[in-house]
Amino acid sequence: MSENEIACLYIVATPIGNLADMSQRAIEILQSVDVIAAEDTRHSGFLLQHFAIKTPSVSLHDHNEQQRSETLLTRLQQGESIALISDAGTPLISDPGYKLVSLVREHGIPVIPIPGSCAVIAALSASGLPSDRFSFEGFLPSKQGARLQTLEKLATDTRTLIFYDSPRRLQSTLIDMVTIFGEERRVCLARELTKLHETINTKPLAELLDWVSNDPNQQRGECVLLVEGAKQHQDASEVEVNRVLNLLLKELPVKKAAAITSALLGVSKNNAYDMALKLQHKD
Ligand code: SAM
């Protein structure tokens with residue numbers, strides 16, 4: 001058995017790129033448990049081989065988690081110890097494992113975290129954006145309508161907002177962010193963390209979009225986007241004006257959209273008109 005005499009489930013973080021980030025404790029736990037539940041056993045085979053870990057593994061992924069969790073619970077109840085790993089980083093963070101952990105805890109079996117790499121935390125720590133309050137939002141919806149709606153709900157949030165994104169969608173995500181958060185909101189793109197081409201760049205949204213659009217290399221690899229929260233008062237109303245204008249401009253001409261926004265939110269007609277023109281030129 002492992003470092004602890006009672007059978008338990010270990011949640012083991014693995015590197016997000018650089019194998020030197022694997023902790024000594026993670027290696028020892030993976031060597032000593034009876035079985036490793038891995039998101040993809042073939043993918044993790046490379047990592048386990050690198051650290052001379054010979055423990056057998058079984059798969060636990062989005063499609064078999066319910067049923068596999070029951071089997072693993074039985075093994076824990078029989079006194080075996082189990083470690084859960086995902087393809088990279090910390091399990092359960094935009095990765096499978098939630099059903100297993102809640103089931104195991106419901107049955108009074110200890111669940112022990114073995115902390116380590118996690119892209120959201122690594123990105124936040126180096127972004128230069130406020131880190132005292134943040135909200136991890138995972139992946140945005142892939143359909144544009146749903147993505148805009150999600151962003152709209154977050155537009156006045158004052159916390160730093162953190163998203164995982166795929167390089168294929170990065171440019172569309174940034175375009176939608178400019179629409180909802182405005183051109184000036186600061187955003188950090190943290191790409192290929194801990195790897196050879198690691199890039200961490202924080203700029204106003206419009207500038208970052210420009211940079212990414214003109215450099216195809218920035219649209220490769222894995223990435224995290226961090227958006228500065230809305231400013232406490234003043235920007236919250238600006239964000240609201242943008243939000244209402246965006247909705248109205250889908251159905252109405254600029255002048256009408258501006259007049260309705262002005263009546264609804266009490267901003268001057270001229271201001272609403274200027275903001276509506278800006279938004280329209282972005283499309
Ligand atoms: N569990 C992982 C963690 O702890 O960060 C996240 C798994 S999630 C399926 C994969 C996403 O995490 C990627 O699409 C990317 O957004 C982010 N990610 C993972 N590794 C990264 C890296 N080295 N650099 C930047 N982002 C990374």
Side-chain angles (χ1 to χ4, degrees), residues 9-23 25-26 29-30 36-44 46-48 50 59-65 83-101 111-129 131 134-142 147 150-151 154 160-174 176-177 187-203 208 211-212 215 217-227:
L9 173 64
Y10 295 98
I11 308 302
V12 181
T14 58
I16 54 170
N18 191 328
L19 290 181
D21 290 335
M22 183 82 165
S23 77
R25 188 169 173 226
I29 293 288
L30 292 177
I36 296 169
E39 187 180 2
D40 178 340
T41 50
R42 274 230 314 251
H43 177 99
S44 295
F46 169 72
L47 177 89
L48 300 179
H50 180 86
S59 69
L60 181 137
H61 45 69
D62 284 337
H63 306 295
N64 73 355
E65 185 170 355
L84 174 70
I85 58 175
S86 59
D87 286 352
T90 302
L92 279 86
I93 307 302
S94 289
D95 268 340
Y98 167 69
K99 288 183 188 134
L100 175 66
V101 171
V111 180
I112 299 177
I114 310 295
S117 301
C118 182
V120 49
I121 299 300
L124 179 63
S125 69
S127 67
L129 295 179
S131 54
F134 64 91
S135 174
F136 174 56
E137 298 293 326
F139 288 93
L140 282 163
S142 54
R147 191 162 63 228
T150 306
L151 292 174
L154 295 168
T160 296
L161 304 169
I162 311 178
F163 305 88
Y164 282 166
D165 205 7
S166 93
R168 276 180 300 109
R169 272 206 301 265
L170 179 61
Q171 213 179 352
S172 322
T173 304
L174 288 172
D176 290 346
M177 285 182 169
V187 64
C188 172
L189 172 64
R191 216 174 52 78
E192 293 289 88
L193 292 167
T194 78
K195 303 185 207 175
L196 186 62
H197 297 292
E198 178 178 271
T199 314
I200 302 169
N201 203 344
T202 303
K203 288 175 181 295
L208 195 93
W211 176 61
V212 166
D215 181 357
N217 282 334
Q218 303 312 324
Q219 296 168 47
R220 301 204 171 103
E222 298 189 282
C223 64
V224 184
L225 276 173
L226 305 94
V227 182

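Whatever order the structure lists them in is the order used to number ligands and atoms, beginning at 1.
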Where do [X] and [Y] come nearest, in terms of heavy atoms and distance?
| X | Y | value |
| --- | --- | --- |
| Asp95 | Thr90 | OD2-O, 4.1 Å |
| Met22 | Ala13 | SD-O, 4.5 Å |
| Arg169 | Phe139 | NH2-CD2, 4.4 Å |

What pairs of donor and acceptor atoms, side-chain ones from residues 115-127 against any protein atom, are under 3.5 angstrom apart with sequence neighbours left out?
{"unit_1": "Ser125", "atom_1": "OG", "unit_2": "Ile121", "atom_2": "O", "d": "3.4"}
{"unit_1": "Ser125", "atom_1": "OG", "unit_2": "Ala122", "atom_2": "O", "d": "2.8"}
{"unit_1": "Ser127", "atom_1": "OG", "unit_2": "Leu124", "atom_2": "O", "d": "3.1"}
{"unit_1": "Ser127", "atom_1": "OG", "unit_2": "Leu129", "atom_2": "N", "d": "3.0"}

| field | Qualifying residues under side-chain hydrogen bond (donor to acceptor under 3.5 Å, both in side chains), relative to Gln218, sequence neighbours excluded | value | Arg191, Asp215
| note | Residue set satisfying side-chain hydrogen bond (donor to acceptor under 3.5 Å, both in side chains) with Ser135, at least two apart, ordered chain then number -> Glu137
| query | Who are the residue neighbours of ligand 1 when the rule is a heavy atom under 4.0 Å from any of its atoms? | reply | Ile16, Ala88, Gly89, Thr90, Ile93, Ser94, Asp95, Cys118, Ala119, Phe139, Tyr164, Asp165, Ala190, Glu192, Leu193, Lys195, Glu222, Cys223, Val224
